[in-house]
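Here the structure is laid out as structure tokens; the discussion comes afterwards.
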Amino acid sequence: MELEHALKKYTGYTSFREGQEEIIRDLVSGRDVVAMLPTGGGKSLCYQLPAYLLKGAAVIISPLLALMEDQVAQLKMNGEKNVIALNSFLDYEEKQKALSRLSDYRFIFLSPESLNSAAVIKALKQIRVGLLAVDEAHCISQWGHDFRPDYSLIGEARQMMNEAPCLALTATATSDVVSDIKESLHIPDAAQHLHSVNRPNIAMFVKEVSGLEEKLGQLSYYVRSLKGPGLIYCSGRQWTEKLSAFLKEKGVSRTAYYHGGMEKEQRMLIQQQYLNGQLDLVCCTSAFGMGVNKQDIRYVIHFHLAARMDAYLQEIGRAGRDGMPAAAITLYDREDIQLPLFMIEKEFPAEDELKAFLSAEEDSLSPRLVIEETHERFILHHLRFLDDLTREEKEEAIRRKINERQQNKTEKLMNMIKWYSTDVCKRTGILNYFGEGTLRPDFDKYCCSSCGADESFYFESSHTDQHKHDQENHWRSELGRMFKVSEPIVQKP
DNA sequence: CGTTAATCTAATACTAGATTAACGGTGCTGTATT
């Protein structure tokens with residue numbers, strides 16, 4: 001009906017992809033929406049079309065500069081000129097100019113940090129905002145509490161946007177992440193368009209190892225056996241470099257590493273080569289992922305464990321986006337828990353550090369005490385809400401916040417450890433953890449290591465092409481059955 | 001807490017072994033006012 005007409009008029013598409021129409025319909029009728037769409041499932045259309053149908057500009061919050069630039073380029077390519085990304089790529093003059101004629105733009109891209117800057121707030125107050133979209137909205141839950149606190153302030157900023165409908169978009173929203181998002185954005189009554197977190201075509205294997213030597217042995221075995229392309233997640237930057245060198249030595253060429261400490265151009269190059277199929281394998285930290293839209297990743301190996309279930313799901317979820325079988329393998333060493341435990345400790349200011357910082361802060365003459373950037377930001381962020389308190393009260397309040405966050409993170413880590421250690425079906429474990437029902441048990445063969453799935457099914461086949469062909473056909477029929485079961489949408493009780 | 005790189009020491013001439021220090025993830029960002 002009229003939505004399809006608008007779709008054709010503004011984008012040239014003739015029909016919606018699954019899930020898009022309901023989301024857009026809700027937004028256009030003024031409702032807030034939390035939506036989950038698989039990557040590559042046409043997420044950007046969900047804010048682009050409403051931007052044309054609603055009065056006013058669409059403000060889109062994006063976590064990475066690279067993602068912002070991609071979106072801007074895409075819109076411009078489609079002939080939309082009234083697009084701007086208000087970020088640090090603009091110099092002072094360009095930014096002033098853009099802010100002074102902000103009402104000319106239909107699409108305004110912002111990082112949560114820019115959204116919080118005084119100049120941007122002032123300019124936004126003077127225009128009409130028709131839609132607020134938060135892309136990769138799981139970042140609110142993942143980063144908003146500590147690493148990038150500005151993510152937790154989007155809800156406040158929303159108040160100056162004349163109650164424009166709010167769209168939170170993500171590819172993996174577990175139920176606790178969804179409630180976190182709704183609370184943070186102050187959209188308790190948002191319509192939810194969610195799918196199950198289950199990915200039936202990804203088989204999960206947890207392989208217990210003991211010691212580095214055995215782990216490296218297993219890694220080299222799997223990388224040489226599995227059908228690629230693949231991805232290896234590890235916990236440190238140095239590890240990514242070491243593993244890629246190690247694997248090259250073992251004869252796996254076309255391997256590269258990727259982490260947040262590399263030059264931007266180098267990062268882009270690796271990502272691009274991987275996307276183009278010029279690389280078979282990338283050893284990476286958690287920096288690699290968002291914006292990587294590759295359909296045919298066949299396996300993800302965790303060389304180190306993931307500290308949280310939602311992070312784990314996101315990382316393995318990069319495999320098998322084409323719907324074809326893929327494998328997620330964790331090389332689990334009990335000793336590995338020490339590193340994430342330590343990270344949780346180190347991420348927040350220590351007690352004496354907090355004390356010293358606050359007393360230096362109180363004395364306006366002394367220069368600000370130099371502490372780690374993330375620690376400082378955490379303290380300053382929480383100080384914003386504690387203006388009228390004495391120093392002791394402030395200290396106490398922030399200490400409580402730190403404890404709260406550390407407990408929360410430790411608890412999530414422990415749940416993960418339980419999941420790694422148990423013999424119960426891995427898939428059932430995940431679904432139960434997120435309050436979804438248990439799965440029908442007839443995919444055992446392709447389910448997980450606990451169900452006795454056969455890892456060799458994911459190996460590079462040495463069979464003839466005919467065999468390969470048979471196997472793929474076999475998979476198609478099998479998948480048909482699977483997706484029937486993966487349809488149901490998560491309901492809030 | 002565990003791994004790795006850097007420095008030290010001992011007994012003897014260049015290297016082996018021991019002790020210590022450093023490091024460990026994710027990314028955005030100008031700013032006060034007439």
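Per chain, numbering begins at 1; letters A, B, ... match sequence-line order.
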- Message: For residues 303-323 of chain A, which residue pairs pass the salt bridge (Lys or Arg N to Asp or Glu O under 4.0 Å) check, not counting sequence neighbours?
- Response: A:R298-A:D322, A:R308-A:D310
- Message: Students often get this wrong, so: under 4.0 angstrom with heavy atoms, is A:E347 touching a base, only sugar-phosphate, or nothing?
- Response: base
- Thinking salt bridges, do A:D336 and A:K215 make one under a 4.0 Å N-O criterion? yes
- Who are the ring-ring contact (aromatic ring centres under 6.0 Å, His included) partners of A:F147, not counting sequence neighbours? A:W143
- A:M268, CE: over 12 other non-hydrogen atoms inside 6.0 angstrom: no
- Message: Quick one about A:N162 and A:R128 (side-chain donor to acceptor, distance below 3.5 Å, no hydrogens or angles considered), yes or no?
- Response: no
- Message: Side chain of A:Q338 only, heavy atoms from C-beta on: which candidate in B:dG2, B:dC28, B:dT26 is closest?
- Response: B:dG2
- Message: Under a 3.5 Å threshold, yes or no: a donor from one side chain and an acceptor from the other, between A:N87 and A:E69?
- Response: yes
- Query: Which is true for A:L64 with a 4.0 Å heavy-atom rule: it touches a base, it touches only sugar-phosphate, or it touches nothing?
  - Reply: sugar-phosphate
- Task: Select from A:W239 and A:H259 the residue whose nearest nucleotide in DNA chain B is closer to the 5' end of that strand.
- Result: A:W239
- Query: Has A:W143 got its ring stacked on B:dT26, by the test of a centre gap below 5.5 Å and a plane angle below 30°?
  - Reply: no
- Item | Exceeds 12 heavy-atom contacts within 6.0 angstrom, atom OH of A:Y92 | no
- Test salt bridge (Lys or Arg N to Asp or Glu O under 4.0 Å), reference A:D146, set A:K346, A:R377, A:K409, output is A:K409
- Query: Quick one: does A:S196's side chain get under 4.5 Å of A:L431's, heavy atoms only?
  - Reply: yes
- How about A:H259 and A:E241: does a side-chain donor come under 3.5 Å of a side-chain acceptor? yes
- Message: Do A:E372 and A:P349 make a side-chain contact, defined as non-hydrogen atoms from C-beta onward lying under 4.5 Å apart?
- Response: no
- Write down the distance separating the P atoms in B:dC14 and B:dA18, rounded off to the nearest Å. 22 Å
- Item | Interatomic distance at C1', B:dG24 relative to B:dG30, whole Å | 32 Å
- Testing B:dT29, B:dG25, B:dG27 for proximity to the side chain of A:T285, the answer is B:dG25
- Message: Identify the stems formed by DNA chain B, where each pair is Watson-Crick or G-U wobble with both distances under 3.5 angstrom and a stem is at least 3 consecutive pairs.
- Response: B:1-10 with B:15-24
- Query: Which listed nucleotide (B:dT4, B:dT29, B:dG27) is nearest to the side chain of A:K242?
  - Reply: B:dT4
- Please list residues of residues 261-269 of chain A whose heavy atoms come under 4.0 Å from any atom in DNA chain B, ordered by number; otherwise none. A:R267
Show me the protein contacts with nucleotides 30-34 of chain B, counting only N or O atoms at under 3.5 Å.
unit_1 : atom_1 : unit_2 : atom_2 : d
B:dG30 : OP1    : A:K95  : NZ     : 2.7

- Item | Length of the line joining A:L413:CG and B:dC1:P, which is rounded to integer Å | 15 Å
- Within the distance-only criterion (no hydrogens, no angle test), does the side chain of A:N78 pair as donor or acceptor with the backbone N or O of A:E80 below 3.5 angstrom? no
- Task: List the steps and the verdict of ring pair (Phe, Tyr, Trp, His ring centres under 6.0 Å) for A:W239 and A:F303.
- Result: CA-CA 9 Å; A:W239 276 110; A:F303 189 76; 5.5 Å; yes
- Message: Does A:P112 reach a base, just sugar-phosphate, or nothing at all? Heavy atoms under 4.0 Å.
- Response: nothing
- Message: Does A:E373 reach a base, just sugar-phosphate, or nothing at all? Heavy atoms under 4.0 Å.
- Response: base
Provide a list of protein-nucleic acid N or O atom pairs under 3.5 angstrom, restricted to nucleotides 19-24 of chain B.
none

- Task: Report the glycosidic orientation of B:dG17: syn if within 90° of 0, anti in every other case.
- Result: anti
- Check the angle between the aromatic planes of A:F288 and A:Y274 and answer parallel, tilted or perpendicular using the 30° and 60° thresholds. perpendicular
